[in-house]
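Data first, discussion second: the structure below is written as C-alpha cells.
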Number of protein chains: 2
Amino acid sequence: MEKIYTIKDIAELAGVSKGTVDRVLHKRGKVSEDALKRVNEVLASIDYQPNLMARSLKKTQIYSICVLIPDSANDPYWQPCIDGINEAKKEFKSFNVKVEIFLFDPTSTSSFVETNKKVLAASPDAVLLVPLFHKEAINAIEIYNSKGIISSIFNNQLQSNAIKSFVGQDLFQSGRIAARLLDLLLKKGTIAIVHIDEDYENAIHMQEKEKGFRDYFDTLENGKFEIKTFKVKHPQFKSTLKEFLESNPAIEGLFVTTSKAYQVAKIISKNPEKKIALVGYDLLENNLEYLNNKTIDFLIHQNPKRQAYLGTTSLIEHFIFEKEIVAEKLLPIDIVNTENAKDYFS
Amino acid sequence: MEKIYTIKDIAELAGVSKGTVDRVLHKRGKVSEDALKRVNEVLASIDYQPNLMARSLKKTQIYSICVLIPDSANDPYWQPCIDGINEAKKEFKSFNVKVEIFLFDPTSTSSFVETNKKVLAASPDAVLLVPLFHKEAINAIEIYNSKGIISSIFNNQLQSNAIKSFVGQDLFQSGRIAARLLDLLLKKGTIAIVHIDEDYENAIHMQEKEKGFRDYFDTLENGKFEIKTFKVKHPQFKSTLKEFLESNPAIEGLFVTTSKAYQVAKIISKNPEKKIALVGYDLLENNLEYLNNKTIDFLIHQNPKRQAYLGTTSLIEHFIFEKEIVAEKLLPIDIVNTENAKDYFS
DNA sequence: ATTTTTATTGTGTTCGAGCACATTTTAACA
DNA sequence: TGTTAAAATGTGCTCGAACACAATAAAAAT
C-alpha cells in the first residue's frame with residue numbers, strides 16, 4: 001500500500017507551510033516562483049489524492065439537483081425512475097446534496113413548461129430531465145445553461161451543446177435486437193412493425209427502432225423476410241389492427257416499438273390457433289402478464305430505473321467528488337423472456 | 001430539506017454534553033437512566049444520520065480486504081473479475097480500505113490451499129473468494145471465521161453459516177432460461193444437455209443448470225421435446241461428441257452448461273446444412289466469434305465482472321459506511337444475442 | 001534611512017464524530 | 001460527618017482540507 005500524502009506532508013517535503021501548498025493546489029496565486037516550483041516538484045514526484053472526506057466535511061455548501069420526470073399516474077413506465085432516483089438519494093443522503101423530484105403530465109406540453117418554470121424558481125445547481133417535448137426541452141435547457149445550471153437528460157436523446165450528459169440506450173441497436181429475435185423465432189415470413197399510441201413524427205425513438213429493425217433484415221440479404229409498417233393511434237386501435245391482420249394473413253411476427261405490446265397481445269391471443277411471434281418493450285405489469293402466458297415472446301427492457309439512477313448519481317458525484325460527467329452513457333439492452341423477467345426488479 | 005442534526009444538536013436538545021450523546025449512540029454505558037432517557041427521546045423525535053465524512057475522517061484504521069480468484073491465465077472467464085475488483089478499488093481509493101487480489105490456479109487444489117495460507121498470513125479484515133474447491137473452501141472459511149475475518153463468496157454457492165454473503169446467479173433459473181430459449185427456437189424435437197470439461201460430480205453449477213433445464217420441459221407437459229444428457233471431459237471431447245451427434249441424428253438443439261460452447265460450435269459448424277440450435281454460457285472471445293457467425297444462437301451472461309464488483313463493494317461499504325452485508329445477492333441472468341453482446345462490456 | 005505599500009508566507013480555526021482524559025456528582029463506607 | 005470509591009458527565013484534542021487572518025519579508029515611496 002503506497003503512502004497516502006496529506007497537504008501537511010507536501011508542505012514538509014517542499015519546506016513551505018500548508019497554506020502555500022493550498023494556494024498552489026487551488027491556483028490562488030500569491031506564491032513566489034521559488035515556492036511554486038518546489039511545491040510542484042513534490043506534487044510531480046508523489047501521487048497526491050485529496051481526502052474527499054475532509055473536503056466535503058469542510059464545505060458546507062449544499063448542492064441542489066432537480067429531476068423532472070413524467071408522472072407515473074399517466075404512464076406506469078415512469079414509476080421505476082422514481083425508485084432509481086430515491087435509491088441515489090438514499091445512497092448519498094449523508095453528503096451535501098439535495099435531490100428534488102418534479103413531476104409533469106407527459107400528455108401536456110404546458111405541464112412540462114410550467115414544471116420547468118417551477119424548477120427554475122428553485123434555482124438548483126443542476127437539472128436532470130426527460131425531454132419528452134423536443135422544442136420546449138431545448139428551450140428550457142438553454143435557459144438553464146444561461147443561468148449556469150447544468151442540464152442532463154435521460155431516456156430520450158436530444159441534440160444541444162447545452163446538454164452535459166445523456167443516459168439511455170442505443171435505439172437503433174435496440175431495433176436490431178428485436179429483428180434478430182424475430183429472425184431466430186421465425187426463420188422466414190412476413191413481419192410487421194407496429195407503432196402505437198404516440199405521435200410518430202415527434203417520437204424519434206420509434207423511428208430509430210424501425211430503422212435498426214429494417215437495417216438488420218437489409219444486411220441479411222437473404223430475402224426470406226418481408227417487413228411492413230403499421231401506425232395507429234389509440235382510439236381506433238383495436239379495430240384497425242384487427243383489420244390490418246386480417247388483410248395481411250401472411251404476417252407471422254410483430255414488433256411493437258412502444259410499451260403497449262399488451263394491447264396487441266390482447267387482440268392476437270383471441271386467435272390461439274395461429275401463433276404470431278411478438279416482441280415488445282418494457283416490463284409493465286400488463287406486458288408481463290402476456291409474457292408469462294407466452295403470447296409475448298420477448299420483451300426488451302429499457303431499464304428506466306437504472307437510467308434515472310445513473311443520471312442522478314453522475315450529477316451528485318460531479319458535485320461531491322468532482323467526477324467528470326460522461327457525455328453519453330448507453331445502457332445494455334436487456335432481452336427478457338418468461339424466465340428472467342423477475343430478475344430485473346431489484 | 002429537513003434539518004441535518006449533529007451530535008452537538010442532540011446534546012443541546014437533551015441538555016447533556018456531546019460525550020454523553022456519544023456514549024448513548026455507541027452503547028458504551030456509563031450513562032444515568034435519566035440522561036439515557038432524555039437522549040433517546042431526542043433521538044426518537046428526530047432522524048439523526050451520523051456524518052460519514054466526519055466519521056471516516058476520524059477513523060484512521062485502514063481496513064484490509066483480500067480477494068481470492070482463479071488466475072485468468074488458466075481460464076479467460078476470470079479476467080472480467082479483476083476488472084470489476086479494480087473498478088471497486090478505484091471508486092473507493094480515497095477511503096481507508098486496501099484491497100488485494102490473490103490469484104490461484106483453478107486446476108489445482110493445492111494452489112487454492114496455498115493461496116489461502118498466504119491470505120491468512122496477511123490477516124485481513126475480510127476475504128472475498130471463489131470457492132471452486134468445495135471441501136477446501138469450507139475449511140478455509142471456517143479458519144477465517146475463527147479468527148474473526150469476514151468471508152464472502154461469489155460465483156459459486158456454498159452452504160456454511162460462516163459465510164457472510166454470496167453474490168451470484170440462480171443457476172436453476174438459468175437452466176430454465178436456456179430451456180425457454182430452445183423452446184422458442186425449436187417448438188419441438190430432441191435436445192441434448194452437454195456438460196464439458198469439468199468434474200461433473202464436484203460441479204454443482206452444472207447439476208443445477210440441468211435441473212432447471214429439465215424442470216422447464218417437465219412443467220411444459222406437452223411431450224413435444226425429448227431431453228438427453230451428454231457428459232464429456234476434454235481429451236476425448238471432439239471424437240465423442242461427433243459420435244454422439246451421429247448416433248442421435250434427431251438432435252436439433254444443444255445446451256452447453258459451461259463456457260465451452262465454442263468447442264461444440266466448432267464441431268457443428270462443419271456441417272452447415274443441418275443447423276442445430278445452440279445455447280451456451282459466457283461472453284468469451286471464442287464464444288462471441290461463433291455467436292456472431294450465428295452458430296451459437298444465444299449466450300447466457302453470468303456477469304462475472306459485476307459479481308466481483310458487488311462482492312468487493314459490499315465489503316468495503318460494510319467497513320466504511322457500516323452498511324449491512326446482504327446474505328444473498330442474485331444478479332439478473334442476461335440473455336445475449338449477436339446484437340446486444342457488446343453492450344455487456346462496460 | 002525610515003515609513004508605507006505590496007508581496008509572500010505562516011498560523012489558527014472550522015467542519016462532525018470519536019475517544020481519551022479531566023472533572024463533577026453520587027454512592028458507599030468508616 | 002468525613003473520606004474514598006465508583007459512577008456519571010463534560011472537555012478538549014484529533015483526523016485533512018479550506019480559508020480567513022496574522023505575520024513576516026521584500027520592494028517602493030518618502
Side-chain angles (χ1 to χ4, degrees), chain A residues 2-43 46-63 92-97 319-322, chain B residues 2-40 42-43 46-63 92-97 319-323:
Chain A
E2 57 306 342
K3 177 163 169 50
I4 291 170
Y5 291 90
T6 68
I7 285 188
K8 208 175 134 200
D9 294 327
I10 298 169
E12 275 166 21
L13 286 169
V16 296
S17 75
K18 66 197 180 85
T20 303
V21 176
D22 183 69
R23 276 181 285 267
V24 173
L25 284 171
H26 293 86
K27 301 194 174 84
R28 275 199 258 274
K30 305 196 175 178
V31 176
S32 68
E33 271 184 46
D34 180 57
L36 181 68
K37 197 184 137 212
R38 290 220 304 280
V39 172
N40 276 332
E41 269 169 9
V42 173
L43 286 176
I46 63 166
D47 176 34
Y48 171 65
Q49 301 285 1
N51 186 314
L52 301 175
M53 316 297 120
R55 173 177 292 173
S56 104
L57 181 61
K58 186 66 182 61
K59 287 222 180 188
T60 45
Q61 181 187 359
I62 290 173
Y63 295 98
F92 291 94
K93 70 179 167 206
S94 54
F95 293 78
N96 307 325
V97 268
F319 289 124
I320 305 290
F321 299 139
E322 296 181 353
Chain B
E2 54 312 335
K3 178 165 168 48
I4 292 170
Y5 291 90
T6 69
I7 285 189
K8 210 175 132 199
D9 294 328
I10 298 169
E12 275 166 20
L13 286 168
V16 296
S17 74
K18 67 196 182 85
T20 304
V21 176
D22 182 70
R23 276 180 284 266
V24 173
L25 285 171
H26 295 85
K27 300 195 174 83
R28 274 198 260 273
K30 307 197 175 178
V31 175
S32 69
E33 272 185 47
D34 180 56
L36 180 68
K37 198 186 137 210
R38 288 223 303 279
V39 173
N40 278 331
V42 174
L43 286 175
I46 63 165
D47 177 34
Y48 170 65
Q49 301 285 0
N51 186 315
L52 300 176
M53 313 297 118
R55 173 178 292 171
S56 104
L57 180 62
K58 186 63 182 55
K59 288 223 179 186
T60 44
Q61 183 189 356
I62 291 175
Y63 295 98
F92 291 94
K93 70 176 168 208
S94 55
F95 293 77
N96 307 326
V97 269
F319 290 124
I320 304 288
F321 299 139
E322 294 182 351
K323 271 201 189 174

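Here is the naming used below: chain letters follow the sequence lines, and residue numbers restart at 1 for every chain.
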Partner residues of Gln61(B) under the side chain to side chain contact (heavy atoms under 4.5 Å, CB included) criterion, sequence neighbours left out: Tyr63(B), Asp125(B)
Rounded to 10 degrees, the angle between the two terminal axes of the helix from dA1(C)-dT30(D) to dA30(C)-dT1(D), each from five pairs: 70°
Selected nucleotide, minimal atom distance to Ala54(B) side chain, candidates dA17(C), dA17(D), dC15(C): dA17(C)
Nucleotide nearest Ser32(A) when distance is taken to its side chain, options dT9(D), dG16(C), dT9(C): dT9(C)
dG16(C) phosphate, OP1 or OP2, under 4.0 Å from Arg55(B) side-chain N/O: no
Between P of dG12(D) and NZ of Lys8(B), the distance in whole Å: 13 Å
Heavy-atom check, side chain of Val97(A) versus side chain of Ile62(A), under 4.5 Å: no
Closest nucleotide among dA17(D), dA17(C), dT9(C) to the Tyr48(B) side chain: dA17(C)
Interatomic distance where OH belongs to Tyr5(A) and C1' belongs to dA17(D) [whole Å]: 18 Å
Leu36(A) CG to Lys27(A) NZ distance, which is reported to the nearest 0.5 Å: 10.0 Å
Side chain of Arg23(B) (C-beta onward), nearest among dC21(C), dA18(D), dA17(C): dC21(C)
Most 5' of Lys58(B) and Gly29(B) on DNA chain D, judged by nearest nucleotide: Gly29(B)
Length of the CG-C1' vector between Asn51(A) and dC15(D), whole Å: 8 Å
Worked check of side chain to side chain contact (heavy atoms under 4.5 Å, CB included) between Tyr48(B) and Leu25(B): CA-CA 10 Å; Tyr48(B) 170 65; Leu25(B) 285 171; 3.7 Å; yes
Sugar-phosphate, base or nothing in reach of Leu57(A), heavy atoms under 4.0 Å: base
Non-neighbouring partners of Asp47(B) that pass side chain to side chain contact (heavy atoms under 4.5 Å, CB included), sequence neighbours left out: Gln49(B)
Side chain to side chain contact (heavy atoms under 4.5 Å, CB included) assessment of Met53(A) paired with Arg55(B): CA-CA 9 Å; Met53(A) 316 297 120; Arg55(B) 173 178 292 171; over 6 Å; no
Taking only distance into account, with no hydrogens and no angle test, what donor-acceptor pairs under 3.5 Å do side-chain atoms of residues 4-21 of chain A form with protein atoms, sequence neighbours excluded?
residue  : atom : partner  : partner atom : Å
Thr6(A)  : OG1  : Lys8(A)  : N            : 3.3
Thr6(A)  : OG1  : Asp9(A)  : N            : 3.2
Thr6(A)  : OG1  : Asp9(A)  : OD2          : 3.3
Asp9(A)  : OD2  : Thr6(A)  : N            : 2.9
Ser17(A) : OG   : Gly19(A) : N            : 3.4

Spacing of Arg28(B) atom CZ relative to dA17(C) atom P, expressed in whole Å: 13 Å
From CG (Leu43(A)) to CZ (Arg38(A)), nearest 0.5 Å: 13.0 Å
Separation of dT8(C) P from Asp34(A) CG (nearest whole Å): 11 Å
Approximate separation, where rounding is to 0.5 Å, of Glu322(A) CD and Ser56(A) OG: 11.0 Å
Minimum-distance pair of heavy atoms, taken over all atoms of Leu57(B) and Asn51(A): CD1-ND2, 4.1 Å
For atom CD1 of Ile7(A) and atom C1' of dT9(C), their distance in whole Å: 15 Å
Heavy-atom protein contacts under 4.0 Å, nucleotides 24-29 of chain C, coded B base, S sugar-phosphate only, - none: ------
Near-strand residues of residues 12-22 of chain A, defined as heavy-atom separation under 4.0 angstrom from DNA chain D: Lys18(A), Asp22(A)
Phe92(B)-Phe319(B) aromatic ring centre distance below 6.0 Å: no
Atom pair distance, as rounded to whole Å: CD in Gln61(A) and P in dA18(D): 13 Å
Options dA17(C), dA18(D), dC19(C), nucleotide nearest the side-chain atoms of His26(A): dA18(D)
Interatomic distance where NZ belongs to Lys30(B) and P belongs to dA6(D) [whole Å]: 12 Å
Min side-chain heavy-atom separation Asp22(A)-Arg28(A) under 4.5 Å: yes
